[in-house]
Amino acid sequence: MAALTMNRSWKKVFDEFKEFMWNPKTREFMGRTGSSWALIIIFYLVFYAVLSGIFALCLYVMLQTIDHNYPKYEDRLSYPGLMIRPNIPSLQITFNRQNTTWQPYVDGINTALQDYNQSTQQQRGIDCTFQGYFRQDNITTPKQACQFTRDLLGNCSGLDDTTYGYANGTPCVLIKMNRVIHFLPELIPKFSNSSITISCTGKPNYTQPFVAVQFLNLTQNMDHNVECLVNAGNIVNDNDRDKFQGRVYFTLRSNS
């Protein structure tokens with residue numbers, strides 16, 4: 001008797017399911033007539049079309065507020081930082097001038113200066129004078145920077161000395177100031193009346209080169225902890241909470 005009741009229950013469930021999927025008496029599919037399905041499909045099509053239109057309109061309005069040349073918000077970085085080339089994660093330069101342990105540093109500087117070759121700069125940059133700021137506020141076409149060719153780096157250009165002084169124990173280190181949109185550095189007259197300067201101090205002692213730094217009097221087999229500061233009236237370089245704001249640290253070592 002129990003088995004017969006179970007069989008009838010399964011059959012009843014199956015019949016109810018078939019009737020739910022398609023009821024020939026009311027001509028309903030899954031509980032709805034054809035007109036009901038048509039109305040609900042049209043409703044959701046219109047609903048999602050309106051949502052898509054609102055999203056597209058919001059996206060279009062937001063894109064109109066974006067400048068292709070400048071970021072919309074510039075509050076994350078107030079002052080530029082400094083970096084060095086060759087680019088080394090540890091900021092420690094150690095080499096032996098009597099063998100080729102300095103070759104990775106030379107390769108790094110070569111890579112950094114590839115874009116500063118004469119032919120490349122003539123294609124990318126504008127030949128302008130280094131007097132005052134080169135402003136392009138009213139230019140809507142793609143903006144260009146002033147040409148800066150590697151020969152301006154003198155002995156550190158790699159044109160005369162392809163080892164940048166590393167083979168002679170007088171290594172060059174390139175100092176790079178990061179770009180901050182709308183930031184114009186101010187001059188400090190006691191340093192220079194025509195441009196900002198880069199000053200490097202060594203521990204325990206060191207001479208002061210500029211921008212392209214060549215180390216002429218390295219003590220062999222000794223770590224030299226170097227701090228480079230950018231000197232401008234509106235650049236803070238003594239913020240203890242940001243060790244790379246307006247300055248850069250690195251360690252230099254030449255083994256005999």
Side-chain angles (χ1 to χ4, degrees), residues 77 79-117 148-180 185 187-188 190-192 195-233 235-256:
L77 187 64
Y79 304 102
L82 295 183
M83 293 298 294
I84 65 170
R85 296 295 184 271
N87 187 10
I88 45 178
S90 64
L91 296 179
Q92 180 171 348
I93 300 175
T94 303
F95 67 97
N96 189 331
R97 65 178 180 175
Q98 297 181 359
N99 53 46
T100 57
T101 56
W102 41 260
Q103 189 60 47
Y105 306 127
V106 172
D107 294 339
I109 297 179
N110 283 332
T111 301
L113 291 181
Q114 282 183 354
D115 291 336
Y116 297 90
N117 292 325
F148 186 91
T149 53
R150 62 191 302 169
D151 59 279
L152 296 173
L153 300 176
N155 292 334
C156 293
S157 65
L159 299 176
D160 297 325
D161 181 4
T162 57
T163 68
Y164 303 97
Y166 282 85
N168 301 321
T170 58
C172 290
V173 176
L174 306 183
I175 310 298
K176 173 182 175 291
M177 186 171 72
N178 295 331
R179 180 188 179 194
V180 177
L187 303 181
I188 298 180
K190 70 176 182 179
F191 290 110
S192 174
S195 65
I196 64 172
T197 62
I198 302 291
S199 61
C200 294
T201 57
K203 301 174 182 180
N205 59 0
Y206 190 65
T207 56
Q208 290 187 339
F210 296 95
V211 182
V213 184
Q214 185 171 19
F215 295 79
L216 302 176
N217 56 349
L218 276 181
T219 302
Q220 301 296 305
N221 305 314
M222 177 180 176
D223 287 340
H224 297 268
N225 298 316
V226 183
E227 176 188 42
C228 292
L229 308 175
V230 58
N231 303 302
I235 297 180
V236 176
N237 55 22
D238 58 355
N239 185 358
D240 292 334
R241 295 194 305 173
D242 190 346
K243 297 297 185 181
F244 291 92
Q245 180 175 287
R247 56 185 170 175
V248 66
Y249 298 91
F250 60 93
T251 302
L252 183 62
R253 181 186 181 95
S254 175
N255 295 324
S256 59

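Here the structure is a predicted model, which means the values were calculated and not measured.
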Response to the item:
In Val226, Asn237, Ile84, the residue satisfying side-chain contact (heavy atoms from CB on, under 4.5 Å) with Val248 is Ile84

Worksheet item: Do the side chain of Arg150 and the main chain of Asn117 share a donor and acceptor less than 3.5 angstrom apart?
Response: no

Worksheet item: With distance as the sole test, does Gln214 use its side chain to make a donor-acceptor pair with the main-chain N or O of Thr170 at under 3.5 Å?
Response: yes

Worksheet, complete the sentence: Residues Asn168 and Arg97: closest non-hydrogen pair is O-NH1, 3.1 Å

Discussion item. Quick check for you: to the nearest 0.5 Å, what is the distance between His224 atom NE2 and Ile93 atom CD1?
Written reply: 11.5 Å

Worksheet item: What are the two closest heavy atoms between Asn231 and Ile198, and how far apart are they?
Response: ND2-C, 4.4 Å

Worksheet item: So how far is it from Ser199 OG to Glu227 CD, rounded to the nearest 0.5 Å?
Response: 8.5 Å

Worksheet item: Within a radius of less than 6.0 Å around CG of Asn155, do more than 12 heavy atoms belonging to other residues, nucleotides or ligands occur?
Response: no

Fill in: Distance-minimising heavy-atom pair for Ile235 and Met177
CD1-SD, 4.3 Å

Worksheet entry | For Gly165 against Asp161, the heavy-atom pair lying closest together | N-OD2, 2.8 Å

Discussion item. Using the side chain to side chain donor-acceptor pair (under 3.5 Å) definition, which of the options Thr219, Asp223, Asn221, Asn225 pairs with Arg253?
Written reply: Asp223

Worksheet item: From Leu82 CG over to Asn178 CG, what is the distance, rounded to the nearest 0.5 angstrom?
Response: 7.5 Å

Worksheet item: When rounded to the nearest 0.5 angstrom, what distance separates CG in Leu174 from CE in Met83?
Response: 12.5 Å

Could you list the donor-acceptor pairs under 3.5 angstrom formed by side chains in residues 103-112, with sequence neighbours left out?
residue: Gln103; atom: NE2; partner: Asp107; partner atom: OD1; Å: 2.8
residue: Tyr105; atom: OH; partner: Thr94; partner atom: N; Å: 3.1
residue: Tyr105; atom: OH; partner: Thr94; partner atom: O; Å: 3.0
residue: Asn110; atom: OD1; partner: Tyr164; partner atom: OH; Å: 2.6
residue: Asn110; atom: ND2; partner: Val106; partner atom: O; Å: 3.3
residue: Thr111; atom: OG1; partner: Asp107; partner atom: O; Å: 3.0

Discussion item. Less than 4.5 Å apart, side chain to side chain, heavy atoms only: is that true for Phe148 and Asp115?
Written reply: no

Practice prompt. Tell me, please, which residues at least two apart from Asn99 pass side-chain contact (heavy atoms from CB on, under 4.5 Å).
Written response: Asn96, Thr101

Item to complete: Decide if atom CZ of Phe95 counts as having more than 12 heavy atoms of other residues, nucleotides or ligands within a radius under 6.0 Å.
Response: yes

Practice prompt. Working to the nearest 0.5 Å, report the span between CG of Leu159 and CG of Leu153.
Written response: 8.5 Å

Item to complete: Write down the atom of Gly233, the atom of Ile188, and the distance for their closest heavy-atom approach.
Response: N-CG1, 3.5 Å

Practice prompt. Provide the closest heavy-atom pair for Cys228 versus Ile175 in the form atom of the first, atom of the second, distance.
Written response: SG-CD1, 3.9 Å

